[in-house]
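Encoded as structure tokens, the structure appears first; notes follow it.
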Amino acid sequence: MPPSAAIPENFAAAFGDAIALHKAGNVADAAVQYERLRQAWPDHPQLLYLLGGAYVQLGRAQDAIEPLERSLALRPGDGPTLDMAGSEI
């Protein structure tokens, strides 16, 4: 992932909005927003991790596999992603 300074401001705002939805318990809406953001930023490891987590929360473990695997490929050894991938998938 490029340095955070390279992330377009509108992406950062939209990502923050998606995280706020997720934290508020609007997991399905957050997942939709994460998928939209993924179109513009497909290799953002935190976005992929959160998308995978949203899918797990929605009972869609099969859908969570690919974003979690991609997140791990981008950040090998990331503890939270390894935990989620290992315990949920």
I need the [X] [atom1] to [Y] [atom2] distance, nearest 0.5 Å.
{"X": "H22", "Y": "L51", "atom1": "NE2", "atom2": "CG", "value": "9.5 Å"}
{"X": "L48", "Y": "E69", "atom1": "CG", "atom2": "CD", "value": "11.5 Å"}
{"X": "Q33", "Y": "I19", "atom1": "CD", "atom2": "CD1", "value": "10.5 Å"}
{"X": "Q39", "Y": "L37", "atom1": "CD", "atom2": "CG", "value": "9.5 Å"}

Item to check | Verify same cluster id: L50, L68 (apolar side-chain graph, 4.5 Å) | outcome: yes

Next on the checklist: Please tell me whether W41 and L21 are part of a single hydrophobic cluster in this structure, the criterion being side-chain heavy atoms less than 4.5 Å apart.
Outcome noted: no

Checklist entry - Relative to each other, are the rings of H44 and F15 parallel, tilted or perpendicular (30° and 60° limits)? => result perpendicular

Heavy atoms only: give me the nearest [X]-[Y] pair and the separation to one decimal.
{"X": "A31", "Y": "A54", "answer": "CB-CB, 4.0 Å"}
{"X": "A30", "Y": "A18", "answer": "CB-O, 3.6 Å"}
{"X": "G52", "Y": "A64", "answer": "O-CB, 3.3 Å"}

Item to check | Modelled atom types, side-chain donor and acceptor of Y55 and E35, under 3.5 Å | outcome: yes

